[in-house]
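Everything below concerns the one structure shown next.
Order of the sequence lines fixes the chain letters, A, B, ..., with proteins taken first and strands second; residue numbering starts at 1 for each chain. What's counted below: heavy atoms across the whole structure, side chains too, no hydrogens, waters or symmetry copies. Note that the coordinates shown come from a computational prediction; the quantities given were computed from them, not determined experimentally.
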Amino acid sequence: MEALESTMRREEEIIGHGTWYDKIAAEIIERERKLGRGLDVINVESGVAASGIPHIGSFSEVTRNYAVSLAIKEQGYETRFILFSDNKDGLRSVPAGMPDSLKKYLGFPVTDIPDPFGCHESYGDHMISLLIDAIEEAGIEYTLIKGSDAYAQGLLNEEIRILLENAKRVGQIVKEETGQEKYLEVLPYFPVCESCGRIYTTKAYKFLPDENKILYRCEGMEIKHKWIEGCGYEGEADYTKGEGKLAWKAGEFAARWRALEIKFEAYGKDIADSVRVNDRICREILGYEPPMHAQYEMFLDKGGRKISKSKGNVFTPQLWFKYGSPQSMILLTLKRFVGTRNVSVDDIPRYMDELDELEDIYFGRRKIGDPKERAKLMGLYKYCWFMNPPEKPSIHVPYNLLVSLARVAPEGSEYQFIADKLRRYGYLKNSLTADLRKRIAYALNWVRDFEEAAEATIELNEIERKAITELVEKLRSTEDPNIIQSSIFEIARANGIKPKRFFQTLYRILLGTPYGPRLGPYLIDMGRENAIRALTRSLTRQNT
RNA sequence: GGGCCCGUAGCUCAGUCAGGUAGAGCGCCGGGCUCUUAACCCGGGGGUCGGGGGUUCAAAUCCCUCCGGGCCCGCCA
């Protein structure tokens, strides 16, 4: 009786699809209702950097905010998801893996730096396009606003004017919240130097409200413990023409929130201070109640393996997509919002399998007793597909099994080999599905990049050498897998070797592991000539 | 100096944000199969949920506190 009541009570409590995103959405709606701001369109923003290679953190910034936006929609309200690209930000350092020639552009707005790869209009465009590619592959619908356009089109004009008119109070708030006194003296606006093109080197010292102008000197600035020299130029910038940008910490967020009527923005803890300052500026100076927030922890690289060492690359969505589906990566980013995440490529198989598990739950193939838990997991699955889940479940093959098969799949006929095995194991009835082909491709990439099996040198005694020589002769005489299979046993016994031991030796020679697929067919699958060569090589190696 | 996160089985971690019988994978032990795909299947051991206090009918979960590990901010973005 009690249990029944509590079950019913819990069932009634389920909000939306039962996830954290649904709960946040409900809170946003409730908050807006109380504020009386109108609920016709509820905007959610995600601000993304364009100054470095987009990594897993940039991706999750977008997916998390987008999920909230979707949750709002699921509760029957119109919403718009805005992706704001900070491409007016200056280049502060040359990211690892980027050409050294970028050094001369330190301090330049990234939208003004030529694309070192030559495929986009600017360095900033190149970077943001990498992120856009990933989120489009993930199926995210967004409205992109580039900082450069926003400023050039005067989107923030009114807010900039108010902030400049109230620069003293802005400076005071920054000081109170962070202890930094800089903006008590400097205007919260960085003009782009008309002479040298740098942005952080300028010091804005006077605002001329009647002319929409800001007077500045190009003095230079210390960024990341390095001094970026200014050119000494003195000039004036017209803020209505986008000849500069607001200081991020001293009101730029606030200006965006008000101008774009943002009602929610989740952010990483690294910018917590800036958000706190901007909340106050937004409320106290711009007269706009700031959006609701959620703070999330960062993603940290575990490092290791071959990845960062050989290629010096950060953990990018593109990297993930080599070994796992977009949905598996979305799962990683949406599953939890609390807690620091240490991620590495090692985790990809786990998330691939977990997604299959969620799919089973979603399609009712796996029962979850607790209705709340069930709703949450089904909801999570739907969010992983951003509310467009497949109509039918896919064929689920454990990632590790595919990796094992990929490891031993003969070169040139990988898909056929793996499909054969999968049919034998009962995973597959007919031909490969498109989804399964992708999964196989992931596993093949995995094996190729992480498990390049060194053909081990094995200590062979005289008897084993004789046995292997006999096997090679046998291989030359037949193509019948079953005969070969039997021969292995026969040869082993004839030479007084336990078959099991002989198999292990052969696996070590061919695969580097003491186990493997049924050898008779495999030796044919891998190409009889290849097999003979590998076995012969193992004999000659002994002699050196 | 300010803030945040983590501590759960031998290992890696879920579970904590919506309190309701402590879980998974790997590893380990035993068994099935043994002219063999490593797989897989069945069974097993194993945890004072970092310590202490509090709230509650009920706490890994909420609150306070202490210990240990880590991160972010304190320039700029």
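Between the C1' atom of B/A39 and the CG atom of A/Leu405 lies a distance of 9 Å, rounded to the nearest Å. Put simply, CG on A/Leu332 is 11 Å from P on B/A14, counting in whole angstrom units. Per the geometry, CD belonging to A/Glu373 stands 14 Å off P belonging to B/G23, to the nearest Å. The interatomic distance linking A/His293 (NE2) with B/G3 (C1') rounds to 16 Å, in whole Å. Between the P atom of B/G15 and the CD1 atom of A/Ile361 lies a distance of 13 Å, rounded to the nearest Å. In this structure, A/Glu357 places its CD atom 9 Å from P of B/G25, rounding to the nearest Å. The separation between A/Asp86 atom CG and B/C76 atom C1' is 13 Å, rounded to whole Å. In this structure, CG of A/Asp270 is placed 6 Å from P of B/C73, rounded to the nearest angstrom.
Side-chain atoms of A/Lys269 and base atoms of B/C5 include no donor and acceptor less than 3.5 Å apart.
Side chain of A/Lys245, nearest nucleotide from B/C13, B/A77, B/A38: B/A77. Which of B/C76, B/A77, B/U36 sits closest to the side chain of A/Gln485 comes down to B/U36. With B/C13, B/C73, B/C75 as the choices, the nucleotide that has an atom nearest any side-chain atom of A/Lys224 turns out to be B/C75. Which of B/C73, B/C75, B/A77 sits closest to the side chain of A/Asp273 comes down to B/C73. Candidate nucleotides B/A39, B/C76, B/A18 were compared by shortest atom distance to the side chain of A/Arg92, and B/C76 ranks first.
Using modelled atom types and a 3.5 Å distance limit, the side chains of A/Asp353 and A/His396 yield no donor-acceptor pair. In the model, A/Asp273 has no side-chain atom that pairs as donor or acceptor with a side-chain atom of A/Thr178 under 3.5 Å. Side-chain N/O atoms of A/His17 and A/Glu74 include a donor and acceptor closer than 3.5 Å. Side-chain N/O atoms of A/Gln327 and A/Tyr381 include no donor and acceptor closer than 3.5 Å.
Just one of A/Trp20, A/Tyr362, A/Tyr66, A/Tyr21 meets the ring-ring contact (aromatic ring centres under 6.0 Å, His included) condition when paired with A/Tyr383; it is A/Tyr21.
Other residues, nucleotides and ligands contribute at most 12 non-hydrogen atoms within 6.0 Å of the NZ atom of A/Lys203.
Taking side-chain N and O atoms only, A/Gln295 has no distance below 4.0 Å to OP1 or OP2 of B/C72. A close approach under 4.0 Å does occur between a side-chain nitrogen or oxygen of A/Lys376 and OP1 or OP2 of B/U16. For B/C75, neither phosphate oxygen OP1 nor OP2 lies less than 4.0 angstrom from any side-chain nitrogen or oxygen of A/Lys226.
Remark: B/A77 base-pairs with no nucleotide; criterion is Watson-Crick or G-U wobble with both hydrogen-bond distances under 3.5 Å. Across all strands shown, the partner of B/G7 is B/C67, judged by Watson-Crick or G-U wobble contacts whose two distances both fall under 3.5 Å.
Both A/Gly18 and A/Ser274 lie close to RNA chain B; mapped to their nearest nucleotides by heavy-atom distance, the more 5′-ward contact belongs to A/Gly18. Nearest-nucleotide assignment on RNA chain B puts the 5′-proximal partner with A/Ala272, out of A/Leu246 and A/Ala272.
Using atom C1' as the reference point in both B/G23 and B/G46, the two lie 14 Å apart (nearest Å). Taking atom P on both nucleotides, B/C13 is separated from B/G54 by 33 Å, rounded to a whole Å. For the C1' atoms, the distance linking B/C28 with B/C66 amounts to 36 Å, nearest Å. B/U61 sits 15 Å from B/G7 when the C1' atoms are compared, rounded to a whole Å. Going from the C1' atom of B/G30 to that of B/G20 covers 35 Å, rounded to whole Å. Taking atom P in both B/G2 and B/C75, the straight-line distance is 15 Å, to the nearest Å. Nucleotides B/A38 and B/G45, compared at atom P, are 27 Å apart to the nearest Å. Spacing of P atoms, B/U8 relative to B/G51, comes out at 10 Å, to the nearest Å.
Residue A/Tyr200 is classed as a sugar-phosphate contact, given heavy-atom separations below 4.0 Å to backbone atoms only. Within the 4.0 angstrom heavy-atom criterion, only backbone atoms of the sugar-phosphate kind lie near A/Phe190; the bases stay farther away. In this structure, A/Gln180 reaches the sugar-phosphate backbone alone: every heavy-atom distance under 4.0 Å involves primed, P, OP1 or OP2 atoms, never a base.
In this structure, A/Tyr323 and A/Trp446 have perpendicular ring planes: the angle between them is above 60°, well past the 30° mark.
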